[in-house]
Amino acid sequence: VSKTDASYILADVFKYNALVLASPTYMNEAYPLMDSLMHKIEQRGIPNRYLGLMGSCTWAGGALKKLTSFAETMHWELVGETVDNRQGVSADDYQHAFELGKMMANRLM
């Protein structure tokens with residue numbers, strides 16, 4: 001969302017069956033552009049997608065809370081475990097993200 005206009009991302013959300021959302025925590029919320037994208041997706045009421053979630057923070061986890069709330073609102077099928085990076089990315093975090101990607105690919109097959 002930092003480098004691509006939301007209109008292009010929304011077109012892909014309509015086009016594909018799965019989405020992985022990742023956001024750092026910004027002032028105890030999701031990154032503002034990610035928050036805006038989630039709101040735009042909610043407004044369109046796009047049904048029946050697979051969803052993976054990844055959040056990062058230093059202490060409070062605000063982004064992950066917002067992403068989880070979005071998942072509940074959309075009623076999309078959550079795939080894999082939510083990746084929760086705290087205090088920087090560890091080798092385990094990379095592994096969890098890789099596993100999420102594999103699980104999403106398997107779900108789509």
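What you see is a predicted model, and the numbers here were worked out from it, not measured in a lab.
Heavy-atom minimum distance, A63 versus S23: CB-O, 3.5 Å.
Residues Y50 and L21 are members of separate hydrophobic clusters, defined by side-chain heavy-atom contacts under 4.5 angstrom among Ile, Leu, Val, Met, Phe, Trp and Tyr. Placement of L78 and L108 in two distinct hydrophobic clusters is found when ILVMFWY residues are connected by side-chain heavy-atom separations under 4.5 Å, directly or transitively.
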Task: Chi angles and distances behind the side-chain contact (heavy atoms from CB on, under 4.5 Å) call for R49, L19 - done: CA-CA 7 Å; R49 296 293 186 272; L19 179 66; 5.7 Å; no
Open item on the list: Under the criterion side-chain contact (heavy atoms from CB on, under 4.5 Å), I'd like the reasoning laid out for D84 against M54: C-alpha separation, chi angles, the key distance, then a yes or no.
Closed with: CA-CA 6 Å; D84 185 11; M54 298 172 56; over 6 Å; no
TODO: Could you give me the CA-CA distance, side-chain angles and deciding distance for F70 and M74, then say whether side-chain contact (heavy atoms from CB on, under 4.5 Å) is met?
DONE: CA-CA 6 Å; F70 169 79; M74 296 304 295; 3.5 Å; yes
- [ ] Could you give me the CA-CA distance, side-chain angles and deciding distance for L53 and V83, then say whether side-chain contact (heavy atoms from CB on, under 4.5 Å) is met?
- [x] CA-CA 6 Å; L53 300 176; V83 179; over 6 Å; no
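Looking at L10 and L37, their side chains come closer than 4.5 Å, going by heavy atoms from C-beta outward. Within the 4.5 Å cutoff, side-chain heavy atoms of L67 are placed close to those of M38. Counting heavy atoms from C-beta outward, T25 and S56 have side chains that stay 4.5 Å or more apart. Side-chain contact between V79 and L51 is absent, with no heavy atoms from C-beta onward closer than 4.5 Å. Side-chain contact check for R44 versus F14: some heavy-atom pair is nearer than 4.5 Å. Looking only at side-chain heavy atoms (C-beta outward), Y31 and S2 come within less than 4.5 Å of each other. Two residues are said to be in side-chain contact when any heavy atoms from C-beta on lie closer than 4.5 Å; M104 and V20 meet this criterion. The closest side-chain heavy-atom distance from V13 to I41 is below 4.5 Å.
For H39 (side chain) and D35 (main-chain N/O), no donor-acceptor pair under 3.5 Å exists by modelled atom type. S36 contributes no side-chain N or O that, together with a main-chain N or O of P32, makes up a donor-acceptor pair within less than 3.5 Å. At distances below 3.5 Å, not a single donor-acceptor pair connects side-chain atoms of N106 with backbone N or O atoms of M103.
One finds the CG atom of D12 at 5.5 Å from the OH atom of Y16 (value rounded to the nearest 0.5 Å). One finds the CD atom of E99 at 9.5 Å from the CD atom of E81 (value rounded to the nearest 0.5 Å). Here CD1 of I46 is found 11.5 Å from CG of N17. Values are rounded to the nearest 0.5 Å.
Using modelled atom types, one finds no donor on one side chain facing an acceptor on the other under 3.5 Å when comparing D92 with S90.
Contact check on K65 versus E29 returns no salt bridge, with no Lys/Arg side-chain nitrogen under 4.0 Å from an Asp/Glu carboxylate oxygen.
Surrounding CG of N48 are at most 12 heavy atoms belonging to other residues, nucleotides or ligands under 6.0 Å away.
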